[in-house]
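Only one structure is covered here, and it is reproduced in the block below.
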2 protein chains.
Amino acid sequence: MQGLLQSSRGRFLAVASEFELSPPQVLALKALDPERPVPMSELACALHCDNSNVTGIVDRLEDRGLVERRGAPHDRRVKMLAVTQAGTEVRERLLERLRDAPPALAALSPEDQRALCDIMRRALGRE
Amino acid sequence: MQGLLQSSRGRFLAVASEFELSPPQVLALKALDPERPVPMSELACALHCDNSNVTGIVDRLEDRGLVERRGAPHDRRVKMLAVTQAGTEVRERLLERLRDAPPALAALSPEDQRALCDIMRRALGRE
DNA sequence: TATTGTTATACTCTATAACTATA
DNA sequence: TATAGTTATAGAGTATAACAATA
């Protein structure tokens, strides 16, 4: 299990540098929803970090044109984060690369792979 | 699969802060071997970062008395990293906490857990 | 000449605390 | 008074390039 997590870290870092994004930027883009803007605070929660950190991370994603701050109608204090068209495209390619099976798992027999998927589905109640 | 990795990140960060270590410090302590000192460059490789970063990370682990730099007999350029007695104790407790099964997996049936372990063992050729 | 580890530099992430504007 | 997001600050991680000692 530990070994799998370790190898996943390497793949994650490789994909991040492939897209010229920092690790937190990748996590942010992954956590955001192109179909439903979310408040900054929700992203902070997803990234396990303070609100104040999200300001900078979003600043840089916004500079790259991948994300957009919008006002919230119901509460003028909150800013909603929307994924732009360009951001959605990058995000799609990013998720695709991250979804690629780790080499260790890809090498398993088809039966093992199917069994693994079934177990994971039960563990996570659908991903 | 992605969901599992995501939850693992949260647990990892929680354990790191529990031990008052930064994430890279945890990875370093985890990668080092109390029974076999390794060169700085090997740690850099394990952490997927440049040699120059390891200097600072090891500095701080050394300040806390968890790790020790030693000269290498065969090549006076290299420095070997040894885990101190205190470091070994912290490392043991750390690994124990990290080994705790993720809640999602702990909730699986005993049969699923056994099957999962078998598959993982085949995937990683023994962890 | 090439390599190991360090130093210098610049940028990003991180937490904390103080601040602004809302509520 | 409390909350969402920003700004200020300080410490840590990161890559790059330049450097010392050694090979």
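A quick note: this is a predicted structure, and the numbers were derived from the prediction, not measured. All chains are named by letter (A, B, ...) in the order of the sequence lines, taking the proteins before the strands, and each is independently numbered beginning at 1.
- Judged by distance alone, with hydrogens and angles left aside, the side-chain atoms of Thr84(A) form a donor-acceptor pair with the main-chain N or O of Leu66(A) at under 3.5 Å.
- A salt bridge between Asp59(B) and Arg64(B) is absent, with no side-chain N of the basic residue lying under 4.0 Å from a carboxylate O of the acidic one.
- Between Leu27(B) and Arg9(A), some side-chain heavy-atom pair lies under the 4.5 Å cut-off.
- One interatomic measurement links the two molecules: CG of Asp75(B) to P of dA23(D), which rounds to 5 Å at whole-angstrom precision.
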Considering only nitrogen or oxygen atoms on both sides, find all protein atoms under 3.5 Å from nucleotides 12-16 of chain D and state each distance.
residue: dG13(D); atom: OP1; partner: Ser22(B); partner atom: OG; Å: 2.7
residue: dG13(D); atom: OP2; partner: Arg60(B); partner atom: NE; Å: 2.6
residue: dG13(D); atom: OP2; partner: Arg60(B); partner atom: NH2; Å: 2.3
residue: dA15(D); atom: OP2; partner: Asp50(B); partner atom: N; Å: 2.9
residue: dA15(D); atom: OP2; partner: Asn53(B); partner atom: ND2; Å: 2.5
residue: dA15(D); atom: N7; partner: Asn53(B); partner atom: OD1; Å: 3.1
residue: dT16(D); atom: O4; partner: Ser52(B); partner atom: OG; Å: 2.8

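- Put simply, Leu81(B) and Leu47(B) are part of the same group of oily side chains (I, L, V, M, F, W, Y) that touch within less than 4.5 Å, one to the next.
- Residue Leu95(A) is found outside any hydrophobic cluster, as its side-chain heavy atoms come under 4.5 Å of no other Ile, Leu, Val, Met, Phe, Trp or Tyr.
- For Arg91(B) and Asp33(B), the salt-bridge test fails: no basic side-chain N is under 4.0 Å from an acidic carboxylate O.
- One interatomic measurement links the two molecules: CG of Asp59(B) to C1' of dG11(D), which rounds to 14 Å at whole-angstrom precision.
- Under 4.0 angstrom from either OP1 or OP2 of dT3(D) there lies no side-chain N or O belonging to Arg76(A).
- The only option from Leu43(A), Ile57(A), Leu32(A) that meets the side chain to side chain contact (heavy atoms under 4.5 Å, CB included) definition with Val67(A) turns out to be Leu32(A).
- Protein chain A contacts DNA chain C from dT12(C) to dA23(C), reading 5' to 3' and using non-hydrogen atoms of the protein with a distance under 4.0 Å.
- None of Leu98(A), Val15(A), Leu13(A), Val90(A) except one satisfies the side chain to side chain contact (heavy atoms under 4.5 Å, CB included) rule with Val26(A); the exception is Leu98(A).
- Below the 3.5 angstrom threshold, one finds a donor paired with an acceptor across the side chain of Arg77(A) and the base of dT3(D).
- One can place CG of Asn51(A) at 6 Å from P of dG5(D), the figure rounded to the nearest angstrom.
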